[in-house]
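Written below as structure tokens is the structure these notes are about.
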Amino acid sequence: MANYYASARSNYFRVKNPEAFMEEMFNVPDITIHGDNEKGFCILVDGGDYGGWPSWALDEDDNEYEVDVPVLVSKHLMDDEVAIFMEAGAEKLRYVTGYAEAINSKGERTGINLFDIYELAAELTDKPENVTHCEY
């Protein structure tokens, strides 16, 4: 059985209160935050079991709780800022996956996924059943 390994990062974005932002993100494991509020901050995933965006954090008593990193960031974004989160990964060559998601300071989200190509490819043929997936 193969393991899934990914790389993930964000774009640079500005936040209202850098100290409050850093304090909230402190409990999210396996990330590194670079930058400052003049240039903007970016988040890099630098560890973990598989390299993708963390879905949990630890409270002050070391209890796990679920997190949604884009939602955490959204609460801190300056008005008219948009944070973008990308992840790409593979399980050996069994499959390749990737997605990108954008979120603004109002919590409005949009995203795309590499698997969206299958619907687009089906529009290019009279036999959509001939569009096979890039996996085994």
Side-chain angles (χ1 to χ4, degrees):
M1 180 171 188
N3 293 328
Y4 173 78
Y5 295 102
S7 296
R9 67 158 296 145
S10 76
N11 66 330
Y12 282 86
F13 51 82
R14 292 179 307 136
V15 298
K16 295 178 249 189
N17 182 330
E19 292 78 23
F21 169 69
M22 295 296 281
E23 184 177 321
E24 181 151 26
M25 299 307 292
F26 177 77
N27 294 324
V28 179
D30 304 322
I31 63 170
T32 300
I33 299 173
H34 289 276
D36 55 49
N37 215 38
E38 184 176 319
K39 172 179 155 183
F41 293 97
C42 79
I43 303 172
L44 308 176
V45 177
D46 63 3
D49 292 336
Y50 65 95
W53 288 104
S55 59
W56 61 273
L58 293 174
D59 65 17
E60 55 277 346
D61 297 322
D62 287 336
N63 296 311
E64 286 186 15
Y65 62 95
E66 287 187 38
V67 295
D68 184 332
V69 174
V71 170
L72 289 180
V73 170
S74 174
K75 298 185 303 185
H76 295 277
L77 290 173
M78 293 180 77
D79 293 342
D80 296 322
E81 287 287 308
V82 175
I84 298 171
F85 301 86
M86 290 188 176
E87 179 178 321
E91 183 179 316
K92 292 221 176 209
L93 290 177
R94 185 170 296 155
Y95 65 87
V96 176
T97 185
Y99 73 93
E101 177 179 3
I103 192 166
N104 65 16
S105 61
K106 299 173 190 169
E108 299 167 328
R109 301 170 100 153
T110 190
I112 57 173
N113 190 310
L114 282 179
F115 293 130
D116 295 342
I117 192 63
Y118 300 119
E119 289 180 30
L120 296 172
E123 295 172 9
L124 299 176
T125 181
D126 292 331
K127 294 187 175 187
E129 64 274 11
N130 290 346
V131 176
T132 62
H133 285 221
C134 300
E135 61 188 33
Y136 70 92

Item to check | Cluster link Phe85 to Leu72, ILVMFWY, side chain under 4.5 Å | outcome: yes
Checklist entry - Does CD in Glu129 sit with more than 12 non-hydrogen atoms of other residues, nucleotides or ligands closer than 6.0 Å? => result yes
Item to check | side-chain hydrogen bond (donor to acceptor under 3.5 Å, both in side chains), paired with His76, selected from Lys16, Glu81, Glu24 | outcome: Glu24
Next on the checklist: Taking atom CG as the centre, does Asp126 end up with more than 12 heavy-atom neighbours from other residues, nucleotides or ligands that are less than 6.0 angstrom away?
Outcome noted: no
Checklist entry - Is there a path from Met86 to Ile103 through hydrophobic residues (I, L, V, M, F, W, Y) whose side chains come within less than 4.5 Å of each other? => result no
Checklist entry - Which pair of non-hydrogen atoms, one from Ser10 and one from Cys42, has the smallest distance, and what is that distance? => result OG-CA, 3.4 Å
Checklist entry - So, for Tyr12 and His34, which heavy atoms are closest and what is the spacing to 0.1 Å? => result CE2-O, 4.4 Å
Item to check | Verdict with supporting geometry, Phe115 and Tyr99, side chain to side chain contact (heavy atoms under 4.5 Å, CB included) | outcome: CA-CA 9 Å; Phe115 293 130; Tyr99 73 93; over 6 Å; no
Checklist outcome for this item: Scanning both residues in full, the closest heavy-atom pair of Leu77 with Ala83 reads CD1-N, 4.0 Å
Next on the checklist: Between Glu101 and Arg109 (side chain of the first, backbone of the second, donor and acceptor by atom type, cut-off under 3.5 Å), is there such a pair?
Outcome noted: no
Item to check | Taking every non-hydrogen atom, the tightest pair across Asn11 and Ile84 | outcome: OD1-N, 2.7 Å
Checklist entry - Is the number of heavy atoms from other residues, nucleotides or ligands within 6.0 Å of CG (Leu93) greater than 12? => result no
Item to check | Whether over 12 other heavy atoms sit under 6.0 Å from Glu66 CD | outcome: no
Next on the checklist: A quick test of your reading: do over 12 heavy atoms of other residues, nucleotides or ligands sit less than 6.0 Å from CZ of Phe26?
Outcome noted: no
Checklist entry - Would a distance-only check, ignoring hydrogens and angles, find a side-chain to backbone donor-acceptor pair under 3.5 Å from Asn113 to Asp116? => result no
Next on the checklist: Using side chain to side chain contact (heavy atoms under 4.5 Å, CB included), reason through Glu64 and Leu58 one step at a time and then give a plain yes or no.
Outcome noted: CA-CA 5 Å; Glu64 286 186 15; Leu58 293 174; 3.6 Å; yes
Checklist entry - So do the side chains of Met22 and Val15 get within less than 4.5 Å of each other, counting heavy atoms only? => result no
Item to check | For the student: nearest non-hydrogen atoms of Trp53 and Ala8, plus distance | outcome: NE1-CB, 3.5 Å
Checklist entry - If only atom types and distance count, is the side chain of Ser74 paired as donor or acceptor with the main-chain N or O of Asn104 below 3.5 Å? => result yes
Checklist entry - Under 6.0 Å from the CG atom of Asp36, do we count more than 12 heavy atoms belonging to anything else shown? => result yes
Item to check | Minimum heavy-atom distance Ala121-Val131, with the two atoms named | outcome: CB-CG1, 3.9 Å
Checklist entry - With a 4.5 Å limit on heavy-atom distance, are the side chains of Cys134 and Val96 in contact? => result no
Item to check | No-hydrogen, no-angle side-chain donor-acceptor test under 3.5 Å, Asn63 and Tyr65 | outcome: no
Checklist entry - Parallel under 30°, tilted from 30 to 60°, perpendicular over 60°: which one fits the rings of Phe21 and Phe13? => result perpendicular
Next on the checklist: Tell me if the CD atom of Glu135 is crowded by more than 12 foreign heavy atoms within 6.0 Å.
Outcome noted: yes
